Amino acid sequence: MTDSVENGSKSENVEDGVPIKPSSTSTSTSTSTATATAEATTKQVESDSDSQNEEDGTMDMISRFFSQTFHLASGKAADNEDAIVDKVIPELTFEGLSSYWREHGFKNIVTMVGAGISTSAGIPDFRSPGSGLYSNLKKYKLPHPTAIFDVDYFQRNPTPFFALAKELYPGSFDPTPAHYFVRLLHDKGLLKRHYTQNIDTLDRLAGLPENKIIEAHGSFHTSHCLNCNREYDMAWMKAKIFADELPKCEECKGLIKPDIIFFGENLPGKFYSTPEEDFQDCDLLIIMGTSLEVQPFASLIHRAGPRCVRLLINRDAVGRSSFASWMNTNEQCLLYGKPKNTRDVAYLGDCDAGVLALAEALGWADELQQLIRSGQQKTEEKPHNGAKLDANDPQDKEEETVK
């Protein structure tokens, strides 16, 4: 037997360079060895295959569990960068959206805004390091910054809240271009609803009617007694705050609290009842000046249907997934700048600059500036702070009634 047969490197023996047929003994031995090896290999492959199948089955089961329980997407679909993306508008840029808007228009617009649209009015936002409200509350000696909006702490010690309220009270600040842009959408018959996290009532001051506004976190517009639930208007509360008097109920002497949603309180019922109607035919959702971190307000972006364009005008890039792709469906985050993006557009910068640029691109610049000028003229004529209300002003008349 030659080395070639023993090594199994050839199927025939070679003698003096001429192939010869192997002997029956050699063939039998080789066949037996090969058969035994093949059987062993087959068993090993079957064993490895069974083990792999078991692992795959386990992973599939885990994947289905997370998908069904937390509405998570499949990683395979999320990681498929080559999939065809069906864009709602041809170009998902600020310029592309502006061009589409000019040519085709949007008819049912919903806006959702946060403190970022009021900062240019002089009202601080809550969370910006250094300049945010929570960073500048040391003088009130709170146990923690958010205690100033904690309902239990308020009932024990309301003084810090009312001291802060005097600094930030509505009427001390004027609406910004971003507020007036929303007003312009309303004037053009395009605004379906305006959702705001802000408690400053600048939306109302800009001229938005009450039925268009959902103040998700409440506002100073009305106040209620925590004991007997009697309602007081904005003018009554304003007079008490600027006189440095602790607001007490005229009937039961209970503590009066502005209808601002504190931690530990439920959001207004309208916040839960109106989105189903508002987003049913919404074709453009404009998101401005919000961190999209506070729930349930931030969840409004999920309400927009798959063919609704979502425009973010914000200083920071927010609303994007902070998790692995398989942990999010397309509806769970904004996808601007991502390969799978089908409808999200972002303008990263100052909110006022964003709306002014948008108005310019749409040919609305003169109309917006006129709204701003007339609004500023009106607020200059109105008294601020603790001054006496004008009995001839319709808005002030609305504020004079104590229910």
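Remember, predicted model here, so these are calculated numbers, not experimental data.
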With no hydrogens and no angle check, is any side-chain donor or acceptor of [X] less than 3.5 Å from a backbone partner on [Y]?
X: Arg315; Y: Gly349; value: no
X: Gln295; Y: Ser299; value: yes
X: Ser99; Y: Gly96; value: no
X: Asp344; Y: Ala346; value: no
X: Asn314; Y: Met288; value: no
X: Arg193; Y: Pro275; value: no
X: Asn108; Y: Asp283; value: no
X: Thr274; Y: Phe271; value: no

Under the side-chain contact (heavy atoms from CB on, under 4.5 Å) criterion, do Leu300 and Phe279 qualify, and how do the steps go? CA-CA 9 Å; Leu300 288 174; Phe279 284 96; 4.2 Å; yes
Check each of [options] against [X] using the side-chain contact (heavy atoms from CB on, under 4.5 Å) test, and report the only one that passes.
X: Ile286; options: Leu191, Val110, Thr111; answer: Thr111
X: Met237; options: Ile256, Thr222, Asp259; answer: Ile256
X: Leu97; options: Phe94, Tyr100, Trp101; answer: Trp101

Any donor-acceptor pair under 3.5 Å linking the side-chain atoms of [Y] with those of [X]?
X: Asn198; Y: His217; result: no
X: His179; Y: Thr176; result: yes
X: Arg204; Y: His221; result: yes
X: Glu250; Y: Trp236; result: yes
X: Thr290; Y: Gln197; result: yes
X: Arg373; Y: Gln376; result: no
X: Thr342; Y: Asp86; result: no

[X] and [Y]: which non-hydrogen atoms are nearest, and at how many Å?
X: Arg183; Y: Ala206; value: NH1-O, 2.8 Å
X: Ser291; Y: Val318; value: O-CB, 3.6 Å
X: Phe173; Y: Ala121; value: CD2-O, 3.1 Å
X: Cys252; Y: Cys228; value: SG-SG, 3.7 Å

Evaluate side-chain contact (heavy atoms from CB on, under 4.5 Å) for Ile287 paired with Ile313, printing each intermediate quantity in order. CA-CA 6 Å; Ile287 308 153; Ile313 300 177; over 6 Å; no
For atom [atom1] of [X], is the number of surrounding heavy atoms from other residues, nucleotides or ligands below 6.0 Å larger than 12?
X: Glu276; atom1: CD; value: no
X: Lys212; atom1: NZ; value: yes
X: Asp366; atom1: CG; value: no
X: Asn266; atom1: CG; value: no
X: Lys188; atom1: NZ; value: yes

Hey, would you say the Phe263 and Phe149 ring centroids sit under 6.0 Å apart? no
State yes or no: are the ring centers of Tyr195 and Phe297 separated by less than 6.0 Å? no
Mind checking what makes side chain to side chain donor-acceptor pair (under 3.5 Å) contact with Asp350, not counting sequence neighbours? none
Is it true that [X] and [Y] make a salt bridge, defined as a side-chain N closer than 4.0 Å to a carboxylate O?
X: Asp281; Y: Lys192; value: yes
X: Asp244; Y: Lys166; value: yes
X: Glu215; Y: Lys270; value: no

With side-chain contact (heavy atoms from CB on, under 4.5 Å) as the criterion, how do Leu92 and Tyr336 come out once you've worked through the C-alpha distance, each side chain's angles and the decisive distance to 0.1 Å? CA-CA 8 Å; Leu92 293 171; Tyr336 53 89; over 6 Å; no
Begin with the C-alpha distance, continue with both residues' side-chain angles, and end with the deciding distance and a verdict on side-chain contact (heavy atoms from CB on, under 4.5 Å) for Leu255 and Asn227. CA-CA 7 Å; Leu255 182 62; Asn227 185 39; over 6 Å; no
On the six-membered ring of Phe262, is Lys257 placed so that its NZ or CZ lies under 6.0 angstrom from the centre and within 45° of the ring axis? yes
Solution key, residues 155-162 side-chain donor-acceptor pairs under 3.5 Å, sequence neighbours excluded:
unit_1	atom_1	unit_2	atom_2	d
Asn157	ND2	Tyr153	OH	3.1

